Amino acid sequence: MTYISDFLVIGSGIAGLSFALKAARFGTVNIVTKKEKSDTSTNLAQGGIASAIGEDDSLDLHIRDTLISGSGLCDENVVRIVVTEGPDRIRELLDLGVNFNLEGGQENTFELGREGGHSRRRIVHAEDMTGQEVERALVERSLNEKNIEFYEHHTVIDLITHYKLFRQGLVSNISEDSCYGAYVLDTKKNEVKTYFARVVVLCSGGAGKVYLYTSNPDIASGDGVAMGYRAGAVISNMEFVQFHPTCLYHPLAKNFLISEAVRGEGGKLINGKGREFMVDYHEMKELATRDVVARAVDSELKKSGEDCVFLDISHREKGFIIKRFPNIYQTCLSFGIDITKEPIPIVPAAHYLCGGVLTDTEARTNIPYLYALGEVACTGLHGANRLASNSLLEALVMADRAAKAVKRDLEVRSQKPFPEEPKWDPGWASDSDEAIVVSHNWEEIRRFMWNYVGLVRTNNRLQRARSRIRNIQKEIDDYYWNFLITSDLIELRNIATVAELIIESALSRKESRGLHYNLDYPQRNDTQYRRNTILKLGALPV
Ligand code: SIN
């Protein structure tokens, strides 16, 4: 079956829905999403949206904090754009009906939280469930928009590009590449569909599932980066994987985050002996940037051999804790931990991908008519280490800029017909009776990525990871073409691609900077490495 729209949005988090709502004013939008609409990383975002709107704050201070956190790799122009346009975008959310916490309930006076790396209180939030509240409002609005159509349980297999069609003999000229849509697996009907669109927007989120332990939801398998890479998009800075220092450590808690805002409100990190240890690592202690805090936790765990350290907020008044962190309080309580009385066991976990598909300031990729927004994109805002709560902000600002930019694309593209329909060809593929291969490879990748390409890296570990991923890639390629496609197989292929991109990028950066820490090169080397890592299919990393 073939579906046609002006815009194809891949993913239904804050980036995808913000873009869709604006683009729907002048075009039709199909949104494909892997599970239910709200199964997104946005929905799990606890902290909030950073914005320099406090009386003691300024745009320059927010810019400065972002640049410091990014360790010399932020694009200052992009930082200025996102920080400057952010406050207006947040007010738009308020107008859309997002119930942010307001100071004394006063209209437009946001209650501001504090998080690591921020020199001021500047986190606009909705209790400790900001993402969920934003997602709720955006989904509600989108459902009322006649130009928006949702397709749930649809997993994108690959992008359809001009070059791909040329290789299949479906177009004759090869002057310039461009994107026309995507092949998508309807996982309920087990049917591959073609989605044609005049503009395609990758909003598919991050890649936490590449690692054994992650705060991300199951959908975060790096699909956008992997399919962008296969289509010829430029990928940047994949070595910068952010590990959140404080995920709940409990056998039954899958991926539950203890928001950085807990440290912002005075939460202390203590080791198994009850000692506050951040004093040994950084003058800002618990409020140092996330890379510093996560490595400090990791170092304490390695020194002691214990399974977890603890985050303690129990010295704050009970009523305050319950009101400020209702979700964290209730969830921990459901695991038998009363955070008003006792410390919370925590460990670091993969949380955010700072690299991704390289874009310009309007979210355009190097492939015409293909855009990327949100975590899948690398705009230059985060540099080598994202400042907490800057990501929802980036998604909002870039979605707005992209929605303005695509108007022109739509005019140009509406004058041209779509090419002949490129049918999905399953070849000789048969039903798989070896699904176990998929789960074994999946498990193996996630484990060695955690052990060898995690918070602390060495050349040796990275080389081991490289040889493992190359073997697995061969197996997956074999498997992919021999068996009928499934959602698990698509995700496995994407995870393997993203793992390889992270490993290759990490190997090419022979220094330590931001989130990339290599014991063999413990120093930052600005002379050689104050630059982005760039990967493109067929080209070696530079
Ligand atoms: C948190 O609440 O700690 C997460 C915020 C973020 O990742 O920006």
Side-chain angles (χ1 to χ4, degrees), residues 13-15 40-51 62 65-66 69-70 74 82-83 86 90 100-101 111-118 121-135 205-208 211 213-217 220 240-249 253 255-267 269 286-294 297 311 313 321 324-329 331-332 339 344 346-354 356 374-375 379 381-383 385-397 514-515:
I14 186 171
T40 62
S41 294
T42 302
N43 211 39
L44 297 189
Q46 295 182 358
I49 313 180
S51 185
H62 189 180
D65 292 347
T66 303
S69 185
C74 298
V82 173
V83 165
I90 293 173
F100 288 119
N101 283 66
E111 181 187 294
L112 298 174
R114 181 146 188 211
E115 291 181 356
H118 290 278
R121 283 190 169 266
R122 62 167 73 102
I123 315 299
V124 175
H125 62 100
E127 314 290 1
D128 56 353
M129 293 168 281
T130 310
Q132 194 177 316
E133 173 55 14
V134 170
E135 182 79 13
Y211 286 88
Y213 303 110
T214 177
S215 63
N216 291 186
F240 299 116
V241 176
Q242 186 167 71
F243 291 80
H244 198 292
T246 60
C247 277
L248 179 61
Y249 177 73
N255 53 1
F256 190 70
L257 196 68
I258 308 297
S259 175
E260 183 140 346
V262 173
R263 279 180 281 128
E265 297 301 344
L269 283 164
E286 277 79 4
L287 288 180
T289 52
R290 216 170 260 182
D291 53 333
V292 174
V293 182
V297 172
L311 177 60
I313 183 82
I321 297 173
R324 178 66 181 86
F325 302 112
N327 181 35
I328 295 173
Y329 171 71
T331 307
C332 287
I339 70 168
I344 312 164
I346 56 97
V347 284
H351 182 60
Y352 193 89
L353 184 61
C354 292
E375 193 171 347
T379 63
L381 175 71
H382 306 312
N385 181 28
R386 177 182 66 105
L387 184 65
S389 287
N390 262 358
S391 42
L392 298 185
L393 183 76
E394 180 193 48
L396 287 172
V397 170
L515 300 162

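We count ligands from 1, going down the list as the structure has it; atoms in each ligand are counted the same way. The figures that follow rest on heavy atoms only: side chains count, while hydrogens, waters and symmetry mates do not. Owing to the predicted nature of the structure, the values given are computational and were not obtained by experimental measurement.
Taking F325 as the reference, nothing meets the ring pair (Phe, Tyr, Trp, His ring centres under 6.0 Å) condition, with sequence neighbours excluded.
Sorted by chain and number, the residues within 4.0 Å of ligand 1 by heavy atom are Q46, G47, H244, L257, S259, E260, R290, H351, R386, A388, S389.
At least one donor-acceptor pair closer than 3.5 Å links the side chain of Q242 to the backbone N or O of R386.
Under 4.0 Å is where a charged nitrogen must lie from a carboxylate oxygen, and between E265 and R121 at least one such pair does.
N327 and E127 share no donor-acceptor pair across their side chains, judged by distance under 3.5 Å alone. No side-chain N or O of S391 forms a donor-acceptor pair with one of E375 less than 3.5 Å apart.
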Apply side-chain hydrogen bond (donor to acceptor under 3.5 Å, both in side chains) to H351 and S215, showing your working. CA-CA 5 Å; H351 182 60; S215 63; 2.5 Å; yes
